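Read through the structure below, which is laid out as structure tokens, and then see the notes.
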Amino acid sequence: MDGCIFCKIASGEIPSNTIYEDDDFRVILDLGPATKGHALVLPKAHYADLFEIPEETLAGAAAVGKKVAATMKKTLGCDGLNLVQNNGEAAGQTVMHFHLHVIPRYKNDGQHILWKPTSPTPEELVAIRDEILKG
Ligand code: 5GP
Ligand code: ZN
């Protein structure tokens, strides 16, 4: 897509620190990493987000994320790893080309990627379930 930075990176038009590439995906190091090794799985085709990406491509991105995660565990010796995928500004998406974050985690790395839990009542949870399930 014209003007999309991740399309240009995924196609190789803009250089990147690539750690994996195949016909459909490129995996690059994030320019503003949360931790050492933070990478982004980019489909080479343009899809804005989870709502646009075909299931097959989503499954492919997950498989590539798994492969890269296994490599990082071996080579970087990370203690854990987060897969993160943001959709929409409200969820923190800043680049509107689907990407899967692969974030190696290290003991005491100082990052806060998890959420702060809230405390709905059992009745509120039932109401939320019903709202999601209603046609
Ligand atoms: P989002 O917030 O949309 O889920 O994540 C976008 C990510 O892309 C951010 O972590 C940001 O650091 C990274 N990023 C933005 N522009 C570039 C770029 O030009 N090159 C690379 N390698 N990463 C980028
Ligand atoms: Zn794009």
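First listed ligand is number 1; within each ligand, the first listed atom is number 1. Note that the structure is predicted; figures quoted are calculated from it, not measured.
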message: Under a plain distance cut-off of 3.5 Å, with no hydrogens placed, do D22 and Y20 share a side-chain donor-acceptor pair?
response: yes

query: Is atom NZ of K67 surrounded by more than 12 heavy atoms (other residues, nucleotides or ligands) closer than 6.0 Å?
result: no

task: Anything protein N, O or S sitting under 2.8 Å from the Zn ion (ligand 2): count it and give me the total.
output: 4

- prompt: If you link I, L, V, M, F, W and Y whenever their side-chain heavy atoms are under 4.5 Å apart, who else ends up in the same group as W115?
  reply: L114

task: Return the protein residues near ligand 1 (heavy atom under 4.0 Å from any of its atoms), ordered by chain and residue number.
output: I5, F6, I9, I28, L29, D30, L31, G32, L40, N86, G92, Q93, T94, V95, H99, H101

message: With a 6.0 Å cut-off on the ring centroids, do H97 and H99 count as close?
response: no

Atom pair OH (Y47) and SG (C4), whose distance is rounded to the nearest 0.5 Å: 12.5 Å

Closest non-hydrogen atom pair between K73 and C78, with its separation: CA-SG, 3.8 Å

message: Is it true that, when you exclude D130 itself, more than 12 heavy atoms of the residues, nucleotides or ligands shown sit nearer than 6.0 Å to its CG?
response: yes

- line: Residues joined to I28 in its hydrophobic cluster, side chain to side chain under 4.5 Å directly or through other members, sorted by chain and number, are I5, F6, I9, I14, L40, L42, V95

- prompt: Under a 4.5 Å cut-off applied to non-hydrogen side-chain atoms, are H101 and N82 in contact?
  reply: no

